[in-house]
**Q** 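Quick one: the structure is below, and I'll ask about it shortly.
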Amino acid sequence: MKTDRIKILIIKPSSLGDVIHALPFLKAIKNTFPQAHVEWVVSKGCEGVLAGNPLIDELIVFDKDSWKHPKDFSKTFREIKKLKRALSAKYFDMVIDLQGLLRTGLMAFLTHSPLKIGFEHAREGSRFFYNKKVSVSKDIHAVDRYLEVAKAIGATTVTKEFPLYIDESARDNIKKLLGDVGEYVVLVPSARWETKRWPAEYFGLLVSKVSHPCIITGSDADIKVAEEVMRVSNGKAINLCNKTNMKELITLIAGSRAMVSNDSGPMHLGAALGIPLIALFGPTDPERTGPYGWKENINFRVLRAGLSCSPCFKKKCKDPLCMSKISVEMVIEELKEYL
């Protein structure tokens, strides 16, 4: 295989945190094959993390959500057909599936690559689509799992860098949104699972007790949570929920003094950018999905209530004490170290 012209396809569509965790893998691959042509399959909504990155030659964006609604078969069929055309029209020397699900295994299968790589213990039967399987422990952090795959395919220079690209237009837009705001703290009061959310009321109380301006971030799905934080804080926070795209969110976090976040995609952005971070964990395990390097990095703090039932990995709970037992005072004490 001529490594100077090798063509590589990375399949890691989602979620936001997982895409971020795969960035050191990308760096390791490009360190090993600097002249390689690299493409990446990413789901719609996550492409902003990768767009413009000089290590990636092309993004293949697909609508993951259309695959979730089998009743709308025509839309799903069109999306699969479109993706099939995009993948089968190209030749790749190597395809790496870092997602390990049925749909991503199928994506690897649709390519003409002679080398299809994935995890030995990939889910939903996807491993049957690979001809090189990498055995990696499930109990190590996602970043380290992906780097083990990089080593298995010949990566010799493995670093823990997160190559994130910020463009000038994003910087300009954030300056306009913030106006004359100086140092600020970014708050991420929502998360995909309800059980992973520190109460919005607590975020509001935190805002009212912090002297620095606090900026709320989130998507359109988080508007109600953001509004509750604003209500409890008596409007003291700056609500930028659903007002930034992905590039602007990266820029906003990169310019912050500190960050307080639930276990979420933006939390991993903060960690990748090296921002002083307080991560609030309940039903999930920070050993697997915490801010990468939190045990060694003094700028990363993980707060937990210490209940015996945590982590339970449940998306539903009548009374998620693992989150509500993390007090506002606990967070303020940690935040003082950064401010």
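This is a predicted model, so every value here is computed, not measured. This chain uses plain numbering: 1 for the first residue, then up along the sequence.
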**Q** Taking Arg231 first and then Glu228, would you say they form a salt bridge - that is, a charged N and a carboxylate O separated by under 4.0 Å?
**A** yes

**Q** Where do Asn239 and Ala226 come nearest, in terms of heavy atoms and distance?
**A** OD1-CB, 3.7 Å

**Q** Taking the side chain from Thr195 and the backbone from Lys316, do they hold a donor-acceptor pair closer than 3.5 Å?
**A** no

**Q** Using atom types as modelled and distance alone, determine if a side-chain donor or acceptor of Gln99 lies under 3.5 Å from a backbone N or O of Ser14.
**A** yes

**Q** Are any of the side-chain heavy atoms of Thr217 and Thr244 separated by less than 4.5 Å?
**A** no

**Q** Check the pair Glu168, Arg171 against side chain to side chain contact (heavy atoms under 4.5 Å, CB included), reporting the backbone distance first and the verdict last.
**A** CA-CA 5 Å; Glu168 286 302 320; Arg171 286 192 179 96; 2.8 Å; yes

**Q** Salt bridge check: are Lys224 and Glu227 linked by an N-O gap of less than 4.0 Å?
**A** no

**Q** Give me the one residue out of Asp263, Asp144, Asp139 that meets salt bridge (charged side-chain N to carboxylate O under 4.0 Å, His left out) with Arg288.
**A** Asp139

**Q** Measuring from atom CG of Leu269 to atom OG of Ser261, what distance do you get when rounded to the nearest 0.5 angstrom?
**A** 9.5 Å

**Q** When you look at Phe109 and Leu87, which way does the side chain to side chain contact (heavy atoms under 4.5 Å, CB included) test go after all the steps?
**A** CA-CA 9 Å; Phe109 176 76; Leu87 294 176; over 6 Å; no

**Q** Please lay out, stage by stage, how Ile153 and Ile117 fare under the test side chain to side chain contact (heavy atoms under 4.5 Å, CB included).
**A** CA-CA 9 Å; Ile153 57 180; Ile117 304 157; 3.2 Å; yes

**Q** First locate atom CG of Leu280, then atom CZ of Arg301, and finally report the distance between them rounded to the nearest 0.5 Å.
**A** 13.0 Å

**Q** Taking the side chain as every heavy atom from C-beta outward, state whether Lys30 and Gln35 have any pair of such atoms under 4.5 Å apart.
**A** no

**Q** Got Glu337 and Pro276 here, is their nearest side-chain heavy-atom distance under 4.5 Å?
**A** no

**Q** Do Phe25 and Tyr146 make the cut of ring centroids closer than 6.0 angstrom?
**A** no

**Q** How close do Ile6 and Phe33 get, heavy atom to heavy atom, and via which atoms?
**A** CG2-CB, 4.0 Å

**Q** With a 3.5 Å distance limit and no angle check, can you tell me whether Glu47 reaches the backbone of Gly45 through a side-chain donor-acceptor pair?
**A** yes

**Q** Between CE of Met107 and CG of Leu83, what distance do you get to the nearest 0.5 Å?
**A** 5.0 Å

**Q** For the residue pair Asn297 / Tyr292, report whether a side-chain donor-acceptor contact shorter than 3.5 Å exists.
**A** no

**Q** Would you mind reporting whether Lys138 and Phe119 have side-chain heavy atoms less than 4.5 Å apart?
**A** no

**Q** Side chains of Leu187 and Val207: closer than 4.5 Å at any heavy-atom pair?
**A** yes

**Q** Looking at side-chain heavy atoms only, is the closest gap between Lys315 and Glu194 below 4.5 Å?
**A** no

**Q** Could you check whether Asp167 and Ser169, counting side-chain N and O atoms only, form a donor-acceptor pair closer than 3.5 Å?
**A** yes

**Q** Is the side chain of Lys27 donor-acceptor paired with the backbone N or O of Ala22 at a distance under 3.5 Å, no angle test?
**A** no

**Q** Is Asn234 reaching over with its side chain to a backbone N or O of Lys236, donor-acceptor style, under 3.5 angstrom?
**A** no

**Q** Can you tell me how far NZ of Lys196 sits from OG of Ser264, rounded to the nearest 0.5 angstrom?
**A** 7.5 Å

**Q** Give a yes or no on whether the backbone of His112 and the side-chain of Lys90 come within a donor-acceptor separation of less than 3.5 Å.
**A** no

**Q** If you measure only the distance, is there a donor-acceptor pair under 3.5 Å linking the side chains of Asp222 and Ser219?
**A** yes

**Q** Mind listing the closest non-hydrogen atom pair of Leu277 and Met267 along with its distance?
**A** CD2-O, 3.7 Å

**Q** Measure from the side-chain N and O atoms of Trp294 to the backbone N and O of Pro286, and report whether any donor-acceptor pair falls under 3.5 Å.
**A** yes

**Q** Any chance you could measure Leu98, atom CG, to Asp18, atom CG, to the nearest 0.5 Å?
**A** 10.0 Å

**Q** For a 4.5 angstrom cut-off between non-hydrogen side-chain atoms, does Ile253 reach Thr251?
**A** no

**Q** Taking all atoms of both residues into account, what is the closest heavy-atom pair of Ser126 and Leu101, and its distance?
**A** CB-O, 3.1 Å

**Q** What are the two closest heavy atoms between Thr289 and Phe281, and how far apart are they?
**A** O-CZ, 3.6 Å

**Q** Please check: side-chain N/O of Arg123 versus main-chain N/O of Leu102, any donor-acceptor pairing under 3.5 Å?
**A** no

**Q** Examine distances only and state if a side-chain atom of Trp40 and a backbone atom of Lys12 form a donor-acceptor pair shorter than 3.5 Å.
**A** yes

**Q** Could you give me the CA-CA distance, side-chain angles and deciding distance for Glu148 and Arg145, then say whether salt bridge (Lys or Arg N to Asp or Glu O under 4.0 Å) is met?
**A** CA-CA 5 Å; Glu148 285 301 311; Arg145 289 202 304 274; over 6 Å; no

**Q** So that I can tick it off, tell me whether Lys295 and Glu287 are bridged by a salt bridge, with the cut-off set at under 4.0 angstrom between side-chain N and carboxylate O.
**A** yes

**Q** Say you draw a straight line from SG of Cys322 to CZ of Arg304; how long is it, rounded to the nearest 0.5 Å?
**A** 9.0 Å

**Q** Please check if the side chain of Glu334 supplies one atom and the backbone of Val331 the other of a donor-acceptor pair under 3.5 Å.
**A** no

**Q** Using every non-hydrogen atom in the two residues, find where Leu335 and Ile278 come nearest and quote the distance to one decimal.
**A** N-CD1, 3.4 Å

**Q** Would Thr284 and Trp193 count as a side chain to side chain contact (heavy atoms under 4.5 Å, CB included) if you check the C-alpha gap in whole Å, the side-chain angles of each, and the deciding distance to 0.1 Å?
**A** CA-CA 10 Å; Thr284 49; Trp193 301 2; 3.6 Å; yes

**Q** If we only count heavy atoms from C-beta on, is the Ile8 to Asp93 side-chain gap below 4.5 Å?
**A** no

**Q** Strictly below 4.0 Å, N to O, side chains only: are Glu39 and Lys7 in salt-bridge contact?
**A** no

